[in-house]
> 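Please see the structure below; I have some questions.
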Amino acid sequence: MEKYPAFQTVRGWHFKWIQLRMFVNIWRVGLQLYGNPLKAWKGLQALKAHGDHVLLGRKLVKGFKVGHQYGWDMFHPLWPSPAFDKFFYHHLEEVLPSGQPNGVMRRLLVAITKKCPLQCAHCSEWDTLNQQDVLSKMELKDKINDLLAYGMSQIVYSGGEPLNRYADLLYLVKEFSGRTSQWIYSSGYGLTVEKAFQLKAAGLEGVAISLDHHEAAQHNAFRGNHKSYAWVQASIQNAQQAGLLVSVNVCPTKEYIQEARFDQFMELMKSWEVPVVNILEPRAVGHFAGQDVELNQAEKDYLADHFYRYNFDADYDPYPILTYPALARKFLPCGGGVSYLLLDYDGTLRPCPFCKTPMELPKPDPKAIKARCEA
């Protein structure tokens with residue numbers, strides 16, 4: 001099997017040139033949406049203001065290249081791609097409505113299985129873990145296909161552990177290849193180099209692997225399996241060899257933050273050549289229900305300080321990009337049920353993995369579907 005080149009960090013004038021080309025691309029998408037070059041420009045400015053608001057006026061200074069595509073996090077499809085265009089078609093609609101019934105849905109999480117070999121301390125699906133799966137691969141395909149009519153530009157397969165249902169997972173990735181960006185949230189369990197190459201060939205864009213401590217023993221204890229750390233390390237190497245974009249999800253506990261050891265985590269990620277690290281705050285749901293696990297303001301500030309240092313301080317240029325979605329919630333309303341959704345393993349739509357309130361979507365407008373297909 002041919003080994004793909006590892007990701008490359010893009011910074012300085014190279015990154016500014018790529019950003020400029022992305023902005024021109026988004027302006028053209030806005031022209032399709034609004035039919036007016038001036039309004040397309042206003043939409044682009046609204047997007048930039050939206051980003052500046054979240055980043056407190058700071059500008060991104062680095063991104064990465066994977067193969068022939070570029071990115072800066074795990075939440076936006078790689079550029080250039082049809083999924084990138086579709087994503088910003090709907091994001092423009094969100095920040096500067098066109099007056100047409102286009103909708104703004106961008107991201108779909110799909111829990112394809114309840115099966116998992118781990119016993120994670122923070123598992124949000126603890127109450128249903130390892131119960132019988134309900135939906136067949138064809139039922140999953142049909143439900144996902146229906147939801148793509150709302151303009152989803154990214155599908156994220158989760159569980160349980162989605163690789164426990166590998167044959168069906170591979171089938172779904174092939175089915176939706178070319179129509180949307182596709183990712184997997186995984187513990188790394190079972191992601192052999194052969195499977196990584198198969199998933200890449202099928203159309204998978206990236207994989208987000210969970211690692212919650214830089215020390216193997218501590219991570220394994222948190223995950224309830226003495227093999228977990230080894231799975232993580234091997235799966236990252238296998239995904240990188242296959243040319244998949246790799247992000248590492250980390251859930252820093254109060255204890256981990258109080259020990260002030262997050263810099264050691266980032267050192268490890270740098271040594272493993274991981275381009276993106278994504279912070280997930282612990283929530284008092286699932287296995288953590290009723291426990292004092294949610295971060296206080298000082299602990300959140302500690303993580304926010306790392307977010308700004310690793311992303312904008314030149315001394316930290318060689319390190320991974322650090323994403324922290326909960327930080328954006330200080331400035332923006334939650335997008336659960338608005339710009340992203342969860343389709344759970346029983347086929348129920350919910351706002352997100354933490355909010356279990358069932359919900360329904362209105363039937364998509366045929367004109368909106370036509371506009372999306374032409375965008």
Side-chain angles (χ1 to χ4, degrees), residues 1-32 44 47 51 59-91 106-107 152-157 170 172-184 186 191 193-209 235-248 269-270 272-278 311 317-321 323 375:
M1 289 176 288
E2 178 186 0
K3 182 176 179 179
Y4 284 73
F7 88 97
Q8 302 170 30
T9 300
V10 180
R11 54 174 70 86
W13 287 107
H14 186 186
F15 184 59
K16 290 180 180 179
W17 170 239
I18 296 302
Q19 281 186 305
L20 177 61
R21 293 169 65 191
M22 286 181 180
F23 290 149
V24 171
N25 190 156
I26 295 169
W27 177 82
R28 288 174 176 163
V29 170
L31 191 58
Q32 292 176 320
L44 181 60
L47 273 182
K59 306 294 184 184
L60 289 173
V61 297
K62 62 182 177 181
F64 49 81
K65 181 180 181 183
V66 179
H68 301 293
Q69 294 176 298
Y70 297 85
W72 65 95
D73 65 15
M74 60 182 287
F75 302 112
H76 298 80
L78 293 174
W79 176 86
S81 69
F84 180 94
D85 294 351
K86 185 188 291 188
F87 180 96
F88 280 100
Y89 184 87
H90 294 286
H91 204 357
R106 301 194 303 272
R107 198 163 186 254
M152 305 294 184
S153 54
Q154 187 179 56
I155 300 172
V156 180
Y157 301 100
L170 185 63
L172 292 170
V173 172
K174 287 180 180 177
E175 182 69 25
F176 298 109
S177 177
R179 298 176 59 188
T180 181
S181 163
Q182 298 184 85
W183 276 71
I184 296 173
S186 174
L191 186 56
V193 69
E194 292 81 10
K195 288 180 180 178
F197 272 89
Q198 288 171 0
L199 288 164
K200 173 68 176 179
L204 191 70
E205 182 171 283
V207 56
I209 307 292
S235 65
I236 289 174
Q237 293 172 348
N238 295 338
Q240 289 171 332
Q241 184 174 340
L244 291 167
L245 178 57
V246 174
S247 175
V248 167
M269 295 298 95
K270 177 188 170 188
W272 285 3
E273 299 185 308
V274 170
V276 181
V277 171
N278 180 47
N311 289 330
D317 245 15
Y319 290 84
I321 292 168
T323 59

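For this chain, numbers begin at 1 and follow the sequence in order.
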> Can you label the angle between the His14 ring and the Tyr70 ring as parallel, tilted or perpendicular, going by 30° and 60°?
perpendicular

> Indicate yes or no: at least one non-hydrogen side-chain atom of Phe64 is less than 4.5 angstrom from one of Val276.
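With C-beta onward as the side chain, the pair touches.
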
> In sequence, state the C-alpha distance, the side-chain angles, and the governing distance for Leu245 and Met74, and then conclude on side chain to side chain contact (heavy atoms under 4.5 Å, CB included).
CA-CA 8 Å; Leu245 178 57; Met74 60 182 287; 5.8 Å; no

> Are any non-hydrogen side-chain atoms of Met269 and Tyr319 less than 4.5 angstrom apart?
no

> Are Val29 and Phe84 side-chain neighbours, meaning at least one heavy-atom pair lies under 4.5 Å?
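Sidechains of Phe84 and Val29: no contact.
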
> Is the shortest heavy-atom distance from the side chain of Met152 to the side chain of Phe176 under 4.5 Å?
no

> May I ask you to decide if Gly243's main-chain N or O and Lys200's side chain share a donor-acceptor pair within less than 3.5 Å?
yes

> Does Lys62 count as lying over the ring of Phe15, i.e. NZ or CZ under 6.0 Å from the six-ring centre, within 45 degrees of the axis?
no

> Looking at every heavy atom in both Arg179 and Glu175, which two are closest together, and how far apart are they?
CD-O, 4.4 Å

> Got more than 12 heavy atoms from elsewhere within 6.0 Å of NZ, Lys174?
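Open: at most 12 neighbouring heavy atoms sit under 6.0 Å from NZ of Lys174.
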
> Would you call Arg107 and Ser153 a side-chain contact if the rule is heavy atoms closer than 4.5 Å?
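No, their side chains stay 4.5 Å or more apart.
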
> For side chain to side chain contact (heavy atoms under 4.5 Å, CB included), just list the numbers for Val66 and Gln69, CA-CA rounded to whole Å, side-chain angles, deciding distance to a tenth of an Å, and then say yes or no.
CA-CA 5 Å; Val66 179; Gln69 294 176 298; 5.6 Å; no

> Taking Gln240 for the side chain and Trp272 for the main chain, is one N or O donor matched with an acceptor at less than 3.5 Å?
yes

> Give me the atom names and distance for the closest heavy-atom approach of Val246 to Ala239.
CG2-CB, 3.7 Å

> Before giving the answer on side chain to side chain contact (heavy atoms under 4.5 Å, CB included), spell out for Phe23 and Leu47 the whole-Å C-alpha distance, their side-chain angles and the decisive distance to 0.1 Å.
CA-CA 10 Å; Phe23 290 149; Leu47 273 182; over 6 Å; no

> Quick one, Leu199 and Leu191 - any side-chain contact, counting heavy atoms below 4.5 Å?
yes

> So which heavy atom on Phe75 is nearest to which on Thr323, and how close?
CE1-OG1, 3.9 Å

> Enter the distance from Asn25:CG to Asp85:CG here, rounded to the nearest 0.5 Å.
4.5 Å

> Which atom names give the shortest non-hydrogen contact between Ile184 and Leu204, and what distance separates them?
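Ile184 and Leu204 have their closest heavy atoms at CD1-CD2, 3.6 Å.
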
> What I'd like to find out is whether the side chain of Arg21 reaches to under 4.5 Å of the side chain of Trp79, using heavy atoms alone.
yes

> Do you know the tightest heavy-atom contact between Asn238 and Ala196?
O-CB, 3.5 Å

> Do Ser186 side-chain atoms and Ile209 backbone N/O form a donor-acceptor pair below 3.5 Å?
no

> So do the side chains of Ser181 and Phe87 get within less than 4.5 Å of each other, counting heavy atoms only?
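A side-chain contact is absent here, since even the closest heavy-atom pair is not under 4.5 Å.
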
> Please check: side-chain N/O of Thr180 versus main-chain N/O of Gln154, any donor-acceptor pairing under 3.5 Å?
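A pair under 3.5 Å: yes.
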
